[in-house]
Amino acid sequence: MKQTLDSWNQDVANKKDPEFGRSTAMDYDLTKAPYYAIQIAPGIHHTMGGVKINTNTEVINTKGEVIPGLYAAGEVTGGLHGNNRIGGNAVADIVIFGRQVGNQSAVYVQK
């Protein structure tokens, strides 16, 4: 675990992840304890469908119009992903669309 934390902290400091090529979501190091770890195994759970969103995570109404100030991400969403979602893809949705919701809603409230 120490080796993993040291590697992560160095990557965050350099803003470069040579192992995985990551360039986003590297805003925080892990230099302050305590830390907790658990062993996990793959599992599939998924809720298909939900409110329709666009690529800016704005919720679309039944007329195909953006609902101003309403953003969504994760398993509450649908439409953008088509009719099939493979288990495990939701992890990317959480990171990418969750961050997008935060960015877009912050811009909206500053208007």
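Counting from 1, the numbers follow the sequence of the chain as shown.
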Check: S7 side chain, T4 main-chain N or O, donor-acceptor pair, under 3.5 Å: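 No, S7 side chain to T4 backbone: no donor-acceptor pair under 3.5 Å.
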
Heavy-atom donor-acceptor pair, N9 side chain to D29 backbone, under 3.5 Å: no

Working to the nearest 0.5 Å, report the span between [atom1] of [X] and [atom2] of [Y].
X   : Y    : atom1 : atom2 : value
L70 : E58  : CG    : CD    : 9.5 Å
Y35 : K2   : OH    : NZ    : 10.5 Å
I53 : Q104 : CD1   : CD    : 10.5 Å

Neighbour count above 12 (heavy atom, 6.0 Å) for E65 CD: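 Yes, because the 6.0 Å sphere around CD of E65 holds more than 12 heavy atoms from other groups.
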
Y28, OH atom: more than 12 neighbouring heavy atoms under 6.0 Å: no

Smallest separation among heavy atoms of [X] and [Y], with atom names:
X   : Y   : value
G98 : A73 : N-CB, 3.9 Å
R99 : A25 : NH1-CA, 3.4 Å
D17 : R22 : OD2-CB, 3.2 Å
K15 : D27 : NZ-CA, 4.0 Å
Y36 : P34 : OH-CG, 3.6 Å

Transitive ILVMFWY side-chain link [X] to [Y], under 4.5 Å:
X    : Y    : answer
V107 : V101 : no
I67  : V51  : yes
M26  : L30  : yes

Any side-chain heavy-atom pair from [X] and [Y] closer than 4.5 angstrom?
X   : Y   : answer
Y71 : N56 : no
P18 : D11 : yes
I60 : N54 : yes

